[in-house]
S.K.: 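Attaching a single structure in structure tokens format; questions to follow.
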Amino acid sequence: KEIISGSDDKKIIIWDAKTHKQVQTLEGHEGGVRSVAYSPDGKEIISGSDDKKIIIWDAKTHKQVQTLEGHEGGVRSVAYSPDGK
């Protein structure tokens with residue numbers, strides 16, 4: 001199990017929920033990260049930032065999959081639909 005966090009330092013950190021140690025740092029945003037979430041199936045991570053972008057990450061490889069742009073202001077919240085559809 002993992003814990004995920006985002007910060008003003010523009011980083012997303014994945015933590016081991018049992019040991020509380022850092023597992024991985026994800027970098028790609030150009031502004032503070034305001035929201036992060038796992039997909040319902042646990043295969044993806046999404047993040048929203050002051051840089052007006054949403055980034056989709058592969059939860060296993062920790063690589064960026066896609067960047068979504070279109071907001072005119074910072075992204076404050078991201079979420080998947082509960083059923084993943």
Side-chain angles (χ1 to χ4, degrees):
K1 293 187 177 187
E2 296 175 332
I3 298 167
I4 191 166
S5 61
S7 175
D8 282 335
D9 64 7
K10 308 174 190 174
K11 297 176 184 175
I12 298 162
I13 296 180
I14 300 171
W15 309 82
D16 183 290
K18 186 174 182 177
T19 66
H20 302 139
K21 295 187 184 221
Q22 289 187 24
V23 174
Q24 183 76 34
T25 300
L26 308 181
E27 297 185 67
H29 282 292
E30 298 168 8
V33 178
R34 298 294 173 216
S35 185
V36 292
Y38 278 98
S39 62
D41 63 8
K43 293 182 179 180
E44 293 179 332
I45 297 166
I46 52 173
S47 57
S49 169
D50 285 336
D51 64 8
K52 307 175 189 176
K53 298 174 186 174
I54 297 167
I55 297 179
I56 302 171
W57 308 83
D58 184 293
K60 185 174 183 177
T61 66
H62 304 132
K63 303 286 185 196
Q64 290 186 32
V65 175
Q66 188 171 3
T67 300
L68 307 177
E69 298 183 63
H71 285 286
E72 294 179 12
V75 179
R76 299 285 181 249
S77 181
V78 294
Y80 278 91
S81 60
D83 63 1
K85 296 180 182 178

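Just so you know, residue 1 is the first one in the sequence shown, and it goes up from there.
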S.K.: Minimum heavy-atom separation for Ala59 and Gly42, please, with both atom names.
M.R.: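 Nearest pair, atom of Ala59 first, then Gly42: CB-O, 3.3 Å.
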
S.K.: Tabulate below the donor-acceptor pairs under 3.5 Å that side-chain atoms of residues 66-75 make, not counting sequence neighbours, or state none.
M.R.:
none

S.K.: Output the rest of the hydrophobic cluster of Ile3: all Ile, Leu, Val, Met, Phe, Trp and Tyr residues reachable through side-chain heavy-atom contacts under 4.5 Å, sorted by chain and number.
M.R.: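 Hydrophobic cluster check, Ile3: joined to Ile13, Trp15.
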
S.K.: Who pairs with Asp41 by side chain to side chain contact (heavy atoms under 4.5 Å, CB included), at least two apart in sequence or on another chain?
M.R.: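 Ser39, Lys43.
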
S.K.: May I ask whether Val36 and Ile56 are part of the same hydrophobic cluster, defined by side-chain heavy atoms of I, L, V, M, F, W, Y residues being less than 4.5 angstrom apart, directly or through others?
M.R.: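 Unlinked, Val36 and Ile56 end up in two clusters.
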
S.K.: Is the side chain of Ser35 donor-acceptor paired with the backbone N or O of Gly48 at a distance under 3.5 Å, no angle test?
M.R.: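 Not confirmed, Ser35 side chain does not pair with Gly48 backbone.
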
S.K.: According to a 4.5 Å side-chain heavy-atom criterion applied to Ile, Leu, Val, Met, Phe, Trp and Tyr, with indirect links allowed, do Ile45 and Tyr80 form part of one hydrophobic cluster?
M.R.: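 Result: no, two separate clusters.
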
S.K.: NZ of Lys11 to OG of Ser5: how many Å apart, nearest 0.5 Å?
M.R.: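 Lys11 NZ to Ser5 OG: 11.5 Å, rounded to 0.5 Å.
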
S.K.: Charged N to carboxylate O below 4.0 Å: is that the case for Lys1 and Asp16?
M.R.: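 Judged by the 4.0 Å cut-off on N to carboxylate O distance, Lys1 and Asp16 do not form a salt bridge.
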
